[in-house]
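So the structure is just underneath, and the comments pick up after that.
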2 protein chains.
Amino acid sequence: MARDIAEKMLLKAGLRPTSQRVGLAAILFDGVDKHVTPDDVMRLAQSAGVDVSVATVYNTLGQLAAAGMLRRVTLDVGRTFFDTNVSPHHHLFLEDEDKLVDISGDAVRIIGLPDLGEGLRIKSVDVLVRVERG
Amino acid sequence: MARDIAEKMLLKAGLRPTSQRVGLAAILFDGVDKHVTPDDVMRLAQSAGVDVSVATVYNTLGQLAAAGMLRRVTLDVGRTFFDTNVSPHHHLFLEDEDKLVDISGDAVRIIGLPDLGEGLRIKSVDVLVRVERG
DNA sequence: ATAGTTGCAAAAGTTTTGCATTGTA
DNA sequence: TACAATGCAAAACTTTTGCAACTAT
């Protein structure tokens with residue numbers, strides 16, 4: 001049952017497993033990696049009969065991302081995706097389908113990044129490959 | 001005079017060199033590469049005495065980006081930058097200063113990107129390095 | 001009781017659209 | 001005069017905030 005997993009993930013994230021959050025987490029952590037927008041989540045919640053407001057969807061997604069349970073991927077104006085795959089990896093964006101696809105993080109190597117000055121630390125390196133039919 | 005250059009760029013982009021657009025282009029293409037948000041541009045326009053609405057700032061930036069005169073760089077929610085450097089290159093984002101810095105495109109090499117299926121074409125490869133003090 | 005947490009209505013902020021106006025042929 | 005392009009007010013959309021209600025001790 002996905003609800004059990006959902007509850008465990010919420011507790012691990014230090015969030016109370018309220019009915020809204022359990023409902024959302026059950027949708028997100030069903031065992032299949034996904035890339036969803038807040039709007040997708042809202043729609044999925046409605047279909048699943050989870051009664052929740054848009055604000056709570058945003059807040060919950062933000063909290064899960066802050067807890068490292070989701071990865072926020074910002075693409076273009078007004079296109080924020082949340083990725084349930086939180087291991088280091090990159091993304092391919094299929095423009096024609098408006099869809100994000102993971103690229104394994106191990107496979108990709110980036111060489112030639114500049115040395116950082118004193119006291120600076122790399123927080124993340126994201127590669128986004130935009131792909132179109134042609 | 002930056003106004004002459006501005007007018008040339010607009011004509012090259014197929015846009016009428018109206019007073020608003022010339023004013024904005026003169027701010028953007030003053031010979032120094034910059035990373036600006038629509039809000040920055042609005043403020044700069046006001047300081048420069050260019051009378052223009054927010055909508056026109058957005059529309060003009062979008063038109064210049066579509067014409068390849070500006071590069072749109074989307075970072076996070078509600079953080080769209082326009083880069084006057086349109087040659088292929090990557091970006092470093094300094095979180096503490098909320099500032100984008102260019103990384104030369106020639107210096108960086110990315111290896112291990114997956115083969116694309118039939119009929120797909122890479123449109124762009126963007127690397128974003130997030131940096132923080134630490 | 002009370003201190004902390006939650007969910008959401010309302011507010012804030014960003015971007016796009018519809019259309020009156022202006023410019024062009 | 002007709003036809004296309006422009007600029008912007010207003011609308012649409014995305015995200016955050018403030019606070020009443022709830023929970024746990």
Side-chain angles (χ1 to χ4, degrees), chain A residues 6-7 9-28 35-46 48-67 69-82 98 100, chain B residues 6-7 9-28 35-46 48-67 69-82 98 100:
Chain A
E7 212 170 308
M9 302 220 58
L10 289 168
L11 290 170
K12 203 158 66 165
L15 297 170
R16 271 201 222 148
T18 62
S19 89
Q20 284 88 341
R21 301 218 272 225
V22 172
L24 295 179
I27 289 167
L28 294 166
H35 298 99
V36 289
T37 63
D39 195 56
D40 292 336
V41 175
M42 191 67 198
R43 241 194 306 281
L44 289 168
Q46 273 162 350
V50 178
D51 190 26
V52 68
S53 72
V54 208
T56 299
V57 167
Y58 272 92
N59 291 342
T60 304
L61 290 173
Q63 286 156 347
L64 289 170
M69 245 109 199
L70 288 177
R71 170 156 160 203
R72 198 193 289 263
V73 183
T74 308
L75 273 200
D76 269 325
V77 274
R79 310 203 54 61
T80 305
F81 284 83
F82 287 87
D98 217 55
L100 265 189
Chain B
E7 211 170 308
M9 302 219 57
L10 289 167
L11 290 170
K12 204 157 64 164
L15 298 169
R16 275 203 219 144
T18 62
S19 89
Q20 284 89 340
R21 301 218 272 224
V22 172
L24 295 179
I27 289 167
L28 293 167
H35 298 98
V36 288
T37 63
D39 194 55
D40 292 337
V41 175
M42 191 66 197
R43 240 194 307 280
L44 289 168
Q46 273 162 349
V50 178
D51 191 26
V52 67
S53 72
V54 206
T56 298
V57 167
Y58 272 92
N59 291 342
T60 304
L61 289 172
Q63 286 157 346
L64 290 170
M69 245 109 200
L70 288 177
R71 168 153 160 208
R72 197 193 290 264
V73 182
T74 308
L75 272 199
D76 270 325
V77 273
R79 311 204 52 61
T80 305
F81 284 83
F82 288 86
D98 217 55
L100 266 189

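Atom set for the values below is all heavy atoms of this structure, side chains included, hydrogens, waters and symmetry mates excluded. Chain letters run A, B, ... following the sequence lines, proteins first and then strands; every chain starts at 1.
- Contacts between residues 18-25 of chain B and DNA chain D, defined by a heavy-atom separation under 4.0 Å, are made by B/T18, B/Q20, B/R21.
- Summarising the geometry, the separation between CE on A/M42 and C1' on D/dC13 is reported as 14 Å, rounded to the nearest angstrom.
- In this entry the distance linking CG of A/L64 with P of C/dG7 reads 11 Å, nearest Å.
- Enclosure of atom CG in B/D51 is not indicated, since only 12 or fewer non-hydrogen atoms of other residues, nucleotides or ligands lie within 6.0 angstrom.
- Distance CG (A/L10) to P (D/dT23): 16 Å, rounded to an integer number of Å.
- Under the 4.5 Å side-chain criterion, counting only non-hydrogen atoms from C-beta, A/Q63 is in contact with A/R21.
- Shown for residues 49-62 of chain A: residues whose heavy atoms fall under 4.0 angstrom of DNA chain C, namely A/V52, A/S53, A/A55, A/T56, A/N59.
- Looking only at atom types and distance, the side chain of A/N59 has no donor-acceptor partner in the side chain of A/T56 under 3.5 Å away.
- Ion pair A/R72/B/D76 not flagged as a salt bridge, since none of the NZ, NE, NH1 or NH2 atoms sits closer than 4.0 Å to an Asp/Glu carboxylate oxygen.
- Atom pair B/L75:CG and C/dT14:P shows a separation of 14 Å (rounding to whole Å applied).
- Considering only heavy atoms from C-beta on, A/V36 stays 4.5 Å or farther from A/F81 through its side chain.
- Here the NE2-CG distance, from B/H35 to B/L70, works out to 11.0 Å after rounding to the nearest 0.5 Å.
- A/R43 has its side chain within reach of A/D40: a pair of non-hydrogen atoms, C-beta onward, lies under 4.5 Å apart.
- Contact annotation: the side chain of A/L75 never approaches that of B/T74 to less than 4.5 Å [non-hydrogen atoms, C-beta and beyond].
- Here D/dT6 presents its P atom at 5 Å from CZ of B/R16, a figure rounded to the nearest Å.
- Taking atom CG of B/L15 as the reference point, atom P of D/dT6 lies 6 Å away to the nearest angstrom.
- If you take CZ of B/R79 and P of C/dG13, they are 13 Å apart, rounded to a whole angstrom.
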Give the intermediate values and the outcome of side-chain contact (heavy atoms from CB on, under 4.5 Å) for residues B/L61 and B/L28. CA-CA 10 Å; B/L61 289 172; B/L28 293 167; 3.9 Å; yes

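- One can place CG of B/D76 at 11 Å from P of D/dT15, the figure rounded to the nearest angstrom.
- Contact between the side-chain N/O atoms of A/T80 and the OP1/OP2 oxygens of D/dT14 is not found at any separation under 4.0 Å.
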